[in-house]
Amino acid sequence: MRKYNIAVVGATGAVGEEIFNVLEEVNFPINEILPLASSRSAGSEIECFGKTYKVVELTDTVFDEHEIDIAFFSAGGSISEKFAPLAARSGAVVIDNTSHFRMQSDVPLVVPECNPEDIKEWKNTGIIANPNCSTIQMVQILKPLNDAFDIQRVDVSTYQATSGAGKEGMEELVTQMQQFFAFKLDECEPKVFQHQIALNLIPHIDVFLDNDYTKEEMKMVNETQKILHKKIEVSATCVRVPILRSHSEAITIHFANAIDANKARDVLRNAPSVVVVDEPSKNIYPMPLLSTDTNETYVGRIRKDNFRDNVLHLFCAADQIRVGAATNAVRIAQKWIELED
Ligand code: A2P
């Protein structure tokens with residue numbers, strides 16, 4: 001079997017580190033690994049597949065100096081904007097975790113459980129985009145339900161972990177919790193988030209747009225439609241919560257016809273990468289702690305609306321760094337290999 005040279009841009013970040021873990025777990029066919037980051041962490045070391053690799057500075061020429069087959073990007077939109085085309089030009093397929101290329105019409109936006117066939121479009125630009133973390137877990141649930149029952153509209157409220165803002169976001173929560181227990185929370189100065197995140201909720205992720213929604217909320221609308229190839233109406237409210245690394249979502253789904261909760265549950269039991277945990281009488285339902293450090297999207301609290309027989313409510317949780325980023329990126333790479341072989 002062919003083995004691949006892999007680069008990870010943002011190798012020292014929360015998502016980059018997890019990409020190495022997932023590559024190891026799935027026993028990805030690796031030949032060489034090139035961890036890339038800024039000059040700040042060049043020379044530091046990462047461990048993968050029992051070997052130690054030195055982090056190399058990301059430069060304009062680094063992709064010409066190494067023969068990279070697959071380049072994962074998770075260092076922010078401006079880095080992808082500049083360096084992903086350079087990686088693609090050198091012959092690598094880029095799997096980009098940022099929002100920069102997601103809505104570009106010639107760039108496929110892929111959740112392998114939903115639209116694996118779109119990967120073939122990678123040849124247009126050499127780039128495949130990894131969707132927004134909240135979108136990924138939602139479409140893993142919507143896709144099988146839409147195939148079976150025809151979805152018309154979705155209303156979603158998210159409960160998003162601090163990991164969505166990278167390592168610094170997680171550190172800000174931990175620091176503020178420590179300040180709380182030291183009775184020093186009044187000294188806290190939010191840096192990553194707009195307000196104190198410990199013991200708080202912030203209904204504001206990314207910037208506000210002219211339509212009064214945030215960019216994060218509009219990502220859930222536009223990306224869902226692009227991935228599912230259907231103009232489903234989506235309305236989102238995205239909220240940052242004091243959780244470390246799993247996003248949760250309360251989703252209301254409007255179907256074309258009456259819906260049976262048991263049938264929907266059965267469809268989800270057979271959906272790839274989805275685990276139904278729905279025994280409320282035993283206190284069993286999805287929670288961020290249940291999904292943390294796993295590769296599955298957990299769904300439960302599946303119930304019909306009190307007033308409309310075509311409306312279903314459910315709750316889901318998935319690890320933001322894995323399902324929402326690293327795992328999806330590695331699954332795209334696996335599918336890309338399968339399709340290219
Ligand atoms: P570095 O450690 O050198 O700062 P997170 O999303 O967890 O905050 O991680 C961001 C990742 O992006 C880190 O690996 C960080 O590397 C990397 N990064 C940030 N700025 C640059 C840059 N200018 N060039 C390359 N990598 C960068």
Side-chain angles (χ1 to χ4, degrees), residues 1-10 15-16 18-33 48-49 68-74 80 84 87-88 91-144 146-147 223-230 268 270-275 294-297 318-341:
M1 189 190 191
R2 192 181 154 193
K3 296 193 168 185
Y4 296 84
N5 294 337
I6 304 287
V8 177
V9 178
V15 173
E18 206 65 48
I19 287 175
F20 294 118
N21 292 335
V22 179
L23 288 172
E24 240 180 50
E25 275 173 26
V26 302
N27 198 18
F28 200 89
I30 298 268
N31 184 38
E32 274 304 323
I33 293 180
C48 194
F49 287 95
I68 298 300
D69 302 305
I70 302 172
F72 295 99
F73 272 72
S74 58
S80 289
V93 57
V94 170
I95 300 174
D96 182 34
N97 198 48
T98 76
S99 62
H100 188 76
F101 298 100
R102 285 182 195 149
M103 295 312 296
Q104 203 172 299
S105 60
D106 53 356
V107 172
L109 179 67
V110 177
V111 176
E113 294 83 351
C114 300
N115 59 335
E117 65 288 347
D118 288 352
I119 286 176
K120 291 193 194 120
E121 304 290 315
W122 79 277
K123 288 201 172 102
N124 297 338
T125 60
I127 299 169
I128 303 169
N130 205 29
N132 167 267
C133 42
S134 295
T135 306
I136 293 174
Q137 60 172 292
M138 182 168 81
V139 294
Q140 286 178 337
I141 289 167
L142 296 185
K143 163 76 178 162
N146 182 55
D147 286 351
E223 294 181 20
T224 298
Q225 294 182 348
K226 181 167 176 178
I227 295 162
L228 298 182
H229 297 283
K230 182 173 173 182
L268 291 171
N270 291 314
S273 307
V274 171
V275 180
T294 79
N295 295 310
E296 270 72 47
T297 292
D319 187 297
Q320 185 271 334
I321 310 178
R322 282 183 168 247
V323 174
T327 303
N328 198 69
V330 173
R331 284 176 180 153
I332 290 174
Q334 289 176 302
K335 205 75 204 172
W336 177 81
I337 289 175
E338 204 181 299
L339 293 171
E340 287 300 298
D341 265 0

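Model, not experiment: these values are computed from the prediction.
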How far apart are the closest heavy atoms of Cys114 and Pro116, and which atoms are they?
C-CD, 3.4 Å

For Glu32, enumerate each residue passing the salt bridge (Lys or Arg N to Asp or Glu O under 4.0 Å) test, keeping only those at least two apart in sequence or located in another chain.
none

Side chains of Pro29 and Ile337: closer than 4.5 Å at any heavy-atom pair?
yes

Quick one: are Asn21 and Arg322 in side-chain contact, heavy atoms under 4.5 Å?
yes

Taking the side chain as every heavy atom from C-beta outward, state whether Asn295 and Ser273 have any atom pair closer than 4.5 Å.
no

Is it the case that the side chain of Glu223 and the backbone of Arg102 share a donor-acceptor pair, with hydrogens and angles ignored and the cut-off at 3.5 Å?
no

Partners passing side chain to side chain donor-acceptor pair (under 3.5 Å) against Asp319 (at least two apart in sequence or in another chain)
Arg245

Answer whether the closest heavy-atom distance between the side chains of Leu268 and Ile141 falls below 4.5 Å.
yes

Please give me the minimum heavy-atom distance between Leu23 and Ile30, naming the atom from each residue.
CD1-CD1, 4.2 Å

Taking the side chain as C-beta and beyond, is there a heavy-atom pair between Val323 and Gln140 under 4.5 Å?
yes

Just jot down the salt bridge (Lys or Arg N to Asp or Glu O under 4.0 Å) partners of Glu117, sequence neighbours excluded, or say none.
none

The reported gap from CG in Leu109 to CG in Asn115 (rounded to nearest 0.5 angstrom) is 7.0 Å

With Glu121, which residues qualify under side chain to side chain donor-acceptor pair (under 3.5 Å), at least two apart?
Asn124

Residues at least two apart in sequence or cross-chain that pass side-chain contact (heavy atoms from CB on, under 4.5 Å) with Asp69, listed by chain then number, are Arg2, Tyr4, Asn5

Measuring from Gln225:CD to Met103:CE, what's the distance to the nearest 0.5 Å?
8.0 Å

Looking at CD1 of Ile6 and CD1 of Ile70, how far apart are the two atoms once the value is rounded to the nearest 0.5 Å?
4.0 Å

Under the salt bridge (Lys or Arg N to Asp or Glu O under 4.0 Å) rule, collect the residues that match up with Glu24, sequence neighbours excluded.
none

Taking side chain as C-beta onward, heavy atoms only, is Glu340 less than 4.5 Å from Lys123?
yes

Looking at residues at least two apart in the chain, or sitting in another chain, which of them share a side-chain contact (heavy atoms from CB on, under 4.5 Å) with Ala7?
Leu34, Leu36, Phe63, Ile68, Ala71

Just by distance, do the side chain of Lys226 and the backbone of Gln104 share a donor-acceptor pair under 3.5 Å?
yes

Indicate the atoms forming the closest heavy-atom contact of Cys48 with Phe20, along with that distance.
SG-O, 3.7 Å

Please test Val111 against Asn328 for side-chain contact (heavy atoms from CB on, under 4.5 Å), starting from the C-alpha separation and ending with a verdict.
CA-CA 7 Å; Val111 176; Asn328 198 69; 3.7 Å; yes

Quick check against the 3.5 Å criterion: does Asn97 have a side-chain atom that pairs as donor or acceptor with the backbone of Ala326?
no

Applying side-chain contact (heavy atoms from CB on, under 4.5 Å) to Gln137 and not counting sequence neighbours gives His247, Glu249, Thr297, Cys316, Ala318

Applying side-chain contact (heavy atoms from CB on, under 4.5 Å), name anything that partners Ala329, two or more places apart in sequence or on another chain.
Phe72, Ile95, Asn130

Check against side-chain contact (heavy atoms from CB on, under 4.5 Å), Leu228 and Lys143
CA-CA 7 Å; Leu228 298 182; Lys143 163 76 178 162; 3.8 Å; yes

Taking the side chain as everything from C-beta on, heavy atoms only, tell me whether Val110 gets closer than 4.5 Å to Trp122.
no

Set of salt bridge (Lys or Arg N to Asp or Glu O under 4.0 Å) partners for Asp106, sequence neighbours left out:
none

If every non-hydrogen atom of Gly16 is compared with every non-hydrogen atom of Ser74, which pair is closest and at what distance?
N-OG, 3.7 Å

For the CG atom of Asp96 and the CD1 atom of Ile332, what is their distance to the nearest 0.5 Å?
10.0 Å

For residues 91-110, pull every pair meeting ring-ring contact (aromatic ring centres under 6.0 Å, His included), keeping only residues two or more places apart or in separate chains.
none

Sequence neighbours excluded, the answer for side chain to side chain donor-acceptor pair (under 3.5 Å) partners of Lys230 is Asn146, Asp150

Heavy-atom side-chain contact between Pro108 and Ile119 under 4.5 Å
no

